[in-house]
Asker: 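Here you go, one structure.
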Amino acid sequence: MAEILLRAEGLHRRFGGLMAVGGVSLDVHRGEVHAVIGPNGAGKSTLINLLSGDIPVSSGRVTLGDRDVTTLPPNRRAMAGIGRSYQKTTIFQTSTVHENVRLAAQAHSGHALRLFGHVVNDHAVNEAAEAAIAEVGLSTRSGTIARFMSHGEQRQLEIAMVLATRPRVILLDEPLAGMGQAEAQRMIALIARLKEARAVLLVEHDMDAVFALADRLTVMADGEVIASGTPTEVRSHPAVRAAYLGDHGEVA
Amino acid sequence: MAKLPGATHVSSRFYRIALVASLLVSLVLPFVVPVYYVQFLSKAMLMGILALALNLVVGYGGLVSLCHAAFFGLAGYVLALTSPASGGASIFITLPLAMIVVAAVAAVIGALSLRTRGIYFIMATLAFGEMLFYLFHDTKIGGGSDGIYIYYEPEAVIAGFRLVDLGNKTHFYFVSLGALFLTLLFLKGLVGSPFGHALAAARDNERRALSLGFPVFGLRLAAFVISAVIAAVAGYLSAAQFGFVAPQMLGWHLSATVLVMVVLGGLSSLVGPLVGAIALMGLEEVLKSLFDNWKLVKGLIIIALVFLLPGGLQQLGALVMPERGEAPDTTGEAVEEKAHG
């Protein structure tokens with residue numbers, strides 16, 4: 001069995017009277033894409049936020065490898081090896097592509113907060129940034145200000161930033177949202193490459209992409225897991241058909 | 001930030017020429033203008049240092065602080081309270097002491113205030129600044145509301161040799177110029193360093209800075225303390241220049257005036273606040289000699305400038321009311337999640 005890089009056990013998150021996530025357990029293995037699907041409001045984004053530390057858990061446990069990271073704030077989890085993208089593209093809009101990715105590489109360079117030495121002269125960090133930019137195919141756009149790029153390119157940039165932090169686990173929150181057909185195909189190919197030597201947790205509404213990418217699936221509804229397994233198992237699961245598709249839908 | 005490569009080249013050349021020219025002028029000036037103006041220029045440079053210090057947190061950190069006068073004044077009080085009655089205090093002991101005291105106070109104020117954002121941060125820093133003001137205003141620690149005199153200016157003496165005489169207006173001018181130059185050099189290095197870039201990243205997108213692994217709270221606290229320590233240097237020298245400290249030195253009125261200097265000069269450039277400080281103080285001097293009700297005229301001019309200058313007020317507004325969804329906000333997430341369902 002493959003190595004478990006990220007494990008969630010009994011995660012709960014309550015917002016006032018609303019139980020957004022109620023007892024979710026799952027694990028993500030090295031070298032796999034684990035997709036989380038479910039109707040709107042199922043708690044998928046909240047789950048990602050619980051795993052990344054953006055939102056603290058009400059109860060439950062998150063472990064990264066052997067390490068319990070449940071109480072760590074998001075920056076400490078990022079340093080421990082969890083990288084993430086957001087549903088709404090979250091980048092430094094007024095900076096260049098290079099500066100965006102350079103910051104990500106800097107954060108993990110061992111001298112992230114040094115008070116002296118101009119960043120232009122930090123060759124190791126600059127090379128790491130350019131390598132990550134090349135990996136997502138944005139090398140020709142390195143000097144472009146992020147907000148002048150297309151939506152698809154901005155999402156590629158966000159992936160490059162995640163890569164530059166050298167994560168072991170990558171959490172992707174609807175990476176294909178709002179993308180055109182060609183852009184989506186490029187992103188799907190990119191995500192397929194991300195899982196090499198890493199673990200990827202993918203939340204996505206585009207079912208074609210999910211079934212093209214996912215090695216395993218977890219299906220959520222109303223904050224709870226209603227099914228999990230391989231794509232084939234999930235596709236034929238009666239509870240999924242009932243909750244997710246209505247009774248007469250056809251998955252994929 | 002979106003500059004063409006050619007434009008950057010031209011402006012950096014212009015910048016260098018302007019820098020050399022102003023340095024030459026500032027070296028010659030004290031020998032050609034009357035003593036009154038030598039004193040005035042020293043005072044303006046110290047205000048410039050204070051404005052540069054404030055801009056590290058306002059412009060680069062995205063945090064509008066209204067308690068920097070308190071750091072400025074507190075350093076003055078440290079000098080006043082440690083000056084012996086019979087002679088001058090040693091600058092080599094009292095200046096570092098003032099910096100350490102202010103750093104400690106700023107660390108406490110920062111650690112508490114930085115848990116808030118936007119307008120609440122302004123309110124928190126304003127409250128802490130006023131606490132320090134009333135500490136000196138309403139108690140006998142530093143002579144109450146009357147303030148205290150520093151009868152002997154601090155001495156810069158090493159092994160019996162007097163390096164500079166701070167009582168001499170020209171000497172004092174060059175000490176202020178040196179402090180200003182060192183501040184500019186230090187800040188230029190800082191904003192280009194990994195620390196400076198991380199600080200600006202946290203200002204531009206706090207959520208992304210955190211998820212990349214930057215300890216945003218610690219970063220901001222460090223910037224806040226560094227900025228306060230630079231303000232302390234300006235306040236110490238200001239107290240030494242006038243031989244007098246009073247609670248007004250710590251009040252929010254001065255904090256707000258320095259904020260106006262920063263906004264006038266521009267938040268996003270290193271030397272902008274210095275230009276703003278000198279311009280505002282120069283304007284005051286001119287208006288004082290022309291009008292009886294000069295403060296009224298000054299107020300109108302500032303209002304006009306702030307509205308007309310591109311970026312000035314809008315930039316400040318963006319800091320006070322950041323775009324929704326930029327800062328981590330758990331209650332917002334809940335609403336978003338609900339709205340999906």
Side-chain angles (χ1 to χ4, degrees), chain A residues 15-16 18 20 39-43 45-46 49 52-56 73-80 82-88 90-96 99-100 102-104 106-109 111-120 122 125 143 145 147-148 158 161-162 164-165 222, chain B residues 1-5 8 56 185-223 225-226 268 315 318 323-341:
Chain A
F15 294 118
L18 176 80
N40 284 330
S45 282
T46 305
N49 285 331
S52 69
D54 284 49
I55 298 177
N75 57 308
R76 299 274 301 279
R77 288 196 209 188
M79 296 310 288
I82 298 179
R84 68 163 297 175
S85 75
Y86 288 86
Q87 197 171 331
K88 176 181 171 233
T90 301
I91 55 179
F92 303 110
Q93 294 282 356
T94 54
S95 300
T96 62
E99 174 64 4
N100 266 281
R102 199 202 58 73
L103 277 163
Q106 176 193 318
H108 295 256
S109 65
H111 50 261
L113 302 180
R114 204 167 61 187
L115 296 166
F116 54 88
H118 202 283
V119 295
V120 169
D122 196 335
V125 166
I145 304 285
R147 69 189 158 93
F148 295 137
E158 195 172 9
M161 293 168 78
V162 172
T165 66
D222 296 325
Chain B
M1 274 196 214
K3 271 189 223 151
L4 299 168
T8 316
L56 178 65
L185 215 62
F186 173 76
L187 288 176
K188 186 167 166 48
L190 193 67
V191 302
S193 73
F195 177 87
H197 280 248
L199 184 65
R203 170 201 63 197
D204 289 344
N205 193 331
E206 179 174 352
R207 171 175 284 177
R208 183 36 91 190
L210 277 171
S211 68
L212 290 182
F214 289 115
V216 170
F217 180 80
L219 259 173
R220 287 177 172 163
L221 185 58
V225 172
I226 291 170
S268 51
Q315 276 181 321
E323 212 183 315
R324 255 189 61 80
E326 293 292 307
D329 175 3
T330 44
T331 47
E333 288 291 335
V335 174
E336 229 170 84
E337 191 72 39
K338 238 179 188 168
H340 278 305

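Order of the sequence lines fixes the chain letters, A, B, ..., with proteins taken first and strands second; residue numbering starts at 1 for each chain.
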Asker: What verdict does the side chain to side chain contact (heavy atoms under 4.5 Å, CB included) test give for A:Leu103 and B:Phe214, after you've listed the backbone C-alpha separation in whole Å, the side-chain angles of each residue and the deciding distance to 0.1 Å?
Answerer: CA-CA 9 Å; A:Leu103 277 163; B:Phe214 289 115; 4.2 Å; yes
Asker: Just so I understand: if I count every heavy-atom pair under 4.5 Å between each of B:Ala198, B:Gly189, B:Ser211 and chain A, which residue has the most?
Answerer: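 Looking at each of B:Ala198, B:Gly189, B:Ser211 in turn, B:Ser211 comes out on top.
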Asker: Please round to the nearest 0.5 Å and tell me the distance separating atom NE2 of B:His197 and atom CZ of A:Arg114.
Answerer: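 It comes to 12.0 Å.
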Asker: So which residue, A:Pro74, A:Ala78, A:Gly16, A:Pro73, ends up with the most heavy-atom pairs under 4.5 Å with chain B?
Answerer: A:Ala78
Asker: Would you say B:Asn205's side chain and A:Phe92's backbone share a donor-acceptor pair under 3.5 angstrom?
Answerer: no
Asker: Quick one, B:Leu219 and A:Leu113 - any side-chain contact, counting heavy atoms below 4.5 Å?
Answerer: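 With C-beta onward as the side chain, the pair touches.
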Asker: Measure across B:Leu212 and A:Met79 and return the closest heavy-atom pair with its distance rounded to 0.1 Å.
Answerer: O-SD, 4.4 Å
Asker: Kindly compute the distance separating CZ (B:Arg208) from CD (A:Gln93), expressed to the nearest 0.5 Å.
Answerer: 11.5 Å
Asker: Name the region of A:Arg102, side chain, backbone, both or neither, that has any atom closer than 4.5 Å to a heavy atom of chain B.
Answerer: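 Side chain of A:Arg102 only, per the 4.5 Å heavy-atom cut-off to chain B.
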Asker: Quick one: CD on A:Gln106 to CZ on B:Phe195, what's the gap to the nearest 0.5 Å?
Answerer: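 Reported value, rounded in 0.5 Å steps: 11.0 Å.
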Asker: With a 4.5 angstrom heavy-atom cut-off, is it the side chain or the backbone of A:Thr165 that approaches chain B, or both, or neither?
Answerer: side chain
Asker: Please rank A:Ala80, A:Gly83, A:Gly117 by heavy-atom pairs under 4.5 Å with chain B and give me the top one.
Answerer: A:Gly117
Asker: Most heavy-atom pairs under 4.5 angstrom with chain A, which of B:Ser193, B:Gly213, B:Pro194, B:Gly192?
Answerer: B:Pro194
Asker: Any idea which heavy atoms bring A:Asn75 and B:Pro215 closest together, and the distance?
Answerer: ND2-CA, 3.2 Å
